[in-house]
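Below, read A as the first sequence line, B as the second, and so on, with proteins coming before strands; counting in each chain starts at 1.
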Number of protein chains: 2
Amino acid sequence: MVRAGLTPERLTRAGAELADEVGFDQVTVSALARRFDVKVASLYSHLKNSQDLRTRIALFALEELADRVAAALAGRAGRDALAAFADTYRDYAREHPGRYAATRLRLDPETALASAGVRHAQMTRAILRGYDLTEPAQTHAVRMLGSVFHGYVSLEMAGSFSHTPVDTQESWAWILDSLDALLRSRPRPDPHR
Amino acid sequence: MVRAGLTPERLTRAGAELADEVGFDQVTVSALARRFDVKVASLYSHLKNSQDLRTRIALFALEELADRVAAALAGRAGRDALAAFADTYRDYAREHPGRYAATRLRLDPETALASAGVRHAQMTRAILRGYDLTEPAQTHAVRMLGSVFHGYVSLEMAGSFSHTPVDTQESWAWILDSLDALLRSRPRPDPHR
DNA sequence: GGCATTCACCTAATAGCTTTAGGCATTTGG
DNA sequence: CCAAATGCCTAAAGCTATTAGGTGAATGCC
């Protein structure tokens, strides 16, 4: 009996690839077993269960994306940093749709705290360092940036923009310009609401 | 044999309620049958299959949300309209998380064209009428607004904002103010990229 | 009113995914 | 070199999806 050499790590990686090929929600323990040419039950020595697999893929993708963002951000500030951050996100989603979808998996609080999600938040804040915002505006801005980037990528992936002939690359650039202008405009006062 | 009185409409509505209770991806033909105290196979006279059920729920939710947005938008313009639109979206997601998730279901192009998604796009454009943008900026702005609103709602629902003590209502208002200011700032030139 | 048809729901059966229990063979380490 | 640990397997139960074919109730036509 030739051993397949299964490990949680290899399974996670293969799961990520599978996610990119068939979609994150089609990632199944069975499909993964097939891919290793191994019986389904064998995977349960390495994975707690199906949810565990999905969580591992999510954590893996969060790490990978955080690494890319960190690399892209190195040595940049201001609009440059903003664009680098945003483009990295978008490119990752296009290149690895399944993994990107995985990063949206809802993690339980402790897992989330131990995940690279924390780095993502830190890096988003780091971008704003170039814009001179004070709390709580900085937090508002972090949330806005996260919303725009995630929202755009997610709508673009879902094909929501394909009904209008305007180039999505152009819209992306326009949006980045807008955000940059907005953030540069001033340390804005609190809303009057 | 007492008939349960199943119809596609009742099933869809019950499916939407089920989605709000257990999450859209937990909506299953079996669970729905249980809810009507009927055997699973019976539903297949009214639904093509599981995907059909999900699609119907998505279309239902899109209609419902579009109706609410239309009502909220009536007689408003400018920042008022912007806030009405955004708040309706956000409130709907909070009130009906499962249905909101359903609106994100990827529809095939023809179904999408026949759906209330079209009204959503039209209404987003209508908001911008108060801001004097010309094409292609208007399309860029439509995409940005869609991204921010969807992104914010989706991140907020996922709990991504709950790690920071800043009130999400405050961030929401700040973001609306920012978008309003941005759109009012001018018919912006095309990006230089 | 009686009969045929349609309709609404049912039973039965197949197939796939998930998960647990228990078994045998291979590897490892004292 | 033998014992324990490890890696993968078979078996089995439970749930979901889906199809085929049956039965009784409601409907419509003469």
Side-chain angles (χ1 to χ4, degrees), chain A residues 1-60 98-99 101-102 104-108 111, chain B residues 1-60 98-99 101-102 104-108 111:
Chain A
M1 193 197 310
V2 186
R3 302 209 170 174
L6 306 178
T7 65
E9 290 67 33
R10 286 191 63 196
L11 290 172
T12 303
R13 184 156 227 111
E17 285 159 18
L18 185 60
D20 287 336
E21 290 165 28
V22 304
F24 183 59
D25 29 305
Q26 306 304 316
V27 171
T28 185
V29 183
S30 300
L32 199 55
R34 246 174 264 129
R35 175 162 292 223
F36 280 92
D37 206 36
V38 131
K39 299 296 170 179
V40 193
S42 306
L43 299 201
Y44 283 81
S45 313
H46 307 279
L47 303 171
K48 216 161 82 256
N49 52 34
S50 178
Q51 184 53 39
D52 181 38
L53 170 61
R54 275 187 278 275
T55 301
R56 282 172 189 272
I57 296 173
L59 294 175
F60 170 77
R99 301 182 198 194
R104 312 307 339 158
L105 182 70
R106 189 165 195 162
L107 303 172
D108 59 284
T111 310
Chain B
M1 190 200 311
V2 187
R3 302 209 170 174
L6 306 179
T7 64
E9 290 68 33
R10 287 192 63 197
L11 290 172
T12 303
R13 183 154 228 113
E17 284 159 18
L18 185 60
D20 286 336
E21 291 165 27
V22 303
F24 182 59
D25 29 304
Q26 306 303 316
V27 171
T28 183
V29 183
S30 299
L32 199 53
R34 244 175 266 130
R35 173 162 294 223
F36 281 92
D37 205 36
V38 132
K39 298 296 170 181
V40 193
S42 306
L43 299 201
Y44 283 82
S45 313
H46 308 280
L47 303 171
K48 217 162 82 256
N49 52 34
S50 178
Q51 183 54 37
D52 181 37
L53 171 61
R54 274 187 278 276
T55 302
R56 282 173 190 272
I57 296 173
L59 294 175
F60 170 77
R99 302 182 197 194
R104 315 306 340 157
L105 182 69
R106 189 166 195 160
L107 303 173
D108 59 284
T111 309

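Under the side-chain contact (heavy atoms from CB on, under 4.5 Å) criterion, A/T55 pairs with A/Q51, A/L59, A/L105, A/L107, A/T111, not counting sequence neighbours. Listed by chain and number, the residues in a side-chain contact (heavy atoms from CB on, under 4.5 Å) with B/A16 are B/I57, B/F60, B/R99 (sequence neighbours excluded). Residues satisfying the side-chain hydrogen bond (donor to acceptor under 3.5 Å, both in side chains) test with B/D52, not counting sequence neighbours, are B/R56. Under the rule for a side-chain contact (heavy atoms from CB on, under 4.5 Å), B/A41 has no partner lying at least two apart in sequence or in another chain. Here A/D25 pairs with nothing under the salt bridge (Lys or Arg N to Asp or Glu O under 4.0 Å) rule; sequence neighbours left out. In this structure, the side-chain hydrogen bond (donor to acceptor under 3.5 Å, both in side chains) partners of A/S50, at least two apart in sequence or on a different chain, are A/R54.
Of the residues in residues 32-47 of chain A, A/R34, A/V40, A/A41, A/Y44 come within less than 4.0 Å of DNA chain C through at least one heavy atom, sorted by number. At a non-hydrogen distance threshold of 4.0 Å, A/T28, A/V29, A/S30 from residues 10-30 of chain A come into contact with DNA chain C.
Regarding B/L53, its CG atom lies at a distance of 14 Å from the C1' atom of D/dT18, rounded to whole Å. Atom CG of A/L6 and atom C1' of D/dG7 are 8 Å apart (whole Å).
Pairs of residues two or more places apart, or lying in two chains, that qualify as side-chain hydrogen bond (donor to acceptor under 3.5 Å, both in side chains) and include a residue from residues 35-48 of chain A are A/E21-A/R35.
The line from CG of A/L47 to OG1 of A/T7 is 9.5 Å long, rounded to the nearest 0.5 Å.
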